[in-house]
Amino acid sequence: MIELKQISKSKCYEGDQFVFSHHSEVCNCDMTFGIYIPVHETNEKLRLIWFLSGLTCTHENAMVKSGIQRWASEEKIAVIFPDTSPRGEAVPDDNSFDLGQGAGFYVDSTENPWKKNFQMWSYIVDEIPNLVLSKFPLDQEKQSIMGHSMGGLGALNIAIRNPEIYKTVSAFAPIANPTKGIWGQKQFEAYLGKETENWKKYDPSILLNEQGYKGKILIDQGTKDDFLKNLMPEALEKIFNNRNNGDQLRYQKDYDHSYFFVSSFLKDHVRWHKDNVK
């Protein structure tokens, strides 16, 4: 039985913002995550949103910068903020910012030296849920997922491949077509090997086109995003236009890639998730 160690507890919009650490069996190291629990009635089960962060981030970025707790409190929704990768002196790393620690890409690595620790897919989809769903008043039938940049990539992939768990998915400036871009090809070769067929299950454009998703998808993308060429939202936009499922890809004029952008539209996303999770 894995034990959660409480690092902090802070009152926030009358609810509680927790940070916990624990040993991860799948990542073979200690991991940290945050969880916000709004005020609720005794025995009340809360809706849940998973928030996955982007490159170079820890669990703290969205937890501290996004301001999502305000809207989660109003709508009585819990929010979980996982880390973006395994960490520690014994965990392999790379000198570049977009590989190694802080850049897990939410995949299960199959290649050395990464495969011993970089099992972020299994960590997010299996291990953390097994830890938190039994310890907090969460409604397992009303889960959603969202993310920013690399986290948007992870959120889309996880939802599309697990539609029975994640009823809706939204993203801010996600990496939309990683098998075709520099944010994807480099990391997938390192983590998954040179066989490109193995990359496809982590590309949301390929997944959505081939297997669909019965839930709804909301994406916001800033028009002044410095990384627009790396993100390739047009790949998903084309599929959205053919799906006729109520999906939305909204281009937000003059917004960039930062948390100023994310925080500007989080209210929309939180309420959209609540309205569309049945």
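In this structure, D94 contributes its side chain and G100 its backbone to no donor-acceptor pair below 3.5 Å.
For the salt bridge (Lys or Arg N to Asp or Glu O under 4.0 Å) test, no residue two or more places apart in sequence or in another chain qualifies with K45. For D98, the salt bridge (Lys or Arg N to Asp or Glu O under 4.0 Å) partners two or more places apart in sequence, or in a different chain, are K186.
A salt bridge (Lys or Arg N to Asp or Glu O under 4.0 Å) with E74 holds for exactly one of R271, K274, K267; it is R271.
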*Hey, mind stepping through F265 and H148 against ring-ring contact (aromatic ring centres under 6.0 Å, His included) and telling me if it holds?*
CA-CA 12 Å; F265 299 99; H148 174 222; over 10 Å; no
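Across S205 and D203, no two heavy atoms sit closer than the pair N-OD1, 3.0 Å. Considering all non-hydrogen atoms of both residues, A103 and L55 come closest at CB-CD2, 3.4 Å. S149 and G54 get closest at one heavy-atom pair: CB-CA, 4.5 Å. Residues Y166 and V125 approach most closely at OH-CA, 4.1 Å, considering heavy atoms. Looking at every heavy atom in both residues, Y202 comes nearest to Y106 through CE2-O, 3.9 Å.
With respect to R250 and D268, a salt bridge is recorded, a charged nitrogen being found less than 4.0 Å from a carboxylate O. Between D139 and R47 there is no salt bridge, since no side-chain nitrogen of the basic residue lies less than 4.0 Å from a carboxylate oxygen of the acidic one. Using a 4.0 Å cut-off between a side-chain N of Lys or Arg and a carboxylate O of Asp or Glu, E210 and K200 do not qualify as a salt bridge.
With ring centers used as reference points, H22 lies under 6.0 Å from Y123. Centroid-to-centroid, the aromatic rings of F172 and Y255 stay 6.0 Å apart or farther.
Hydrophobic clustering (ILVMFWY, side-chain heavy atoms < 4.5 Å, transitive): Y251 and F227 are in one cluster.
Sorted by first and then second residue, the salt bridge (charged side-chain N to carboxylate O under 4.0 Å, His left out) pairs with a member in residues 54-68 form an empty list; sequence neighbours excluded.
Using modelled atom types and a 3.5 Å distance limit, the side chains of S21 and D30 yield no donor-acceptor pair.
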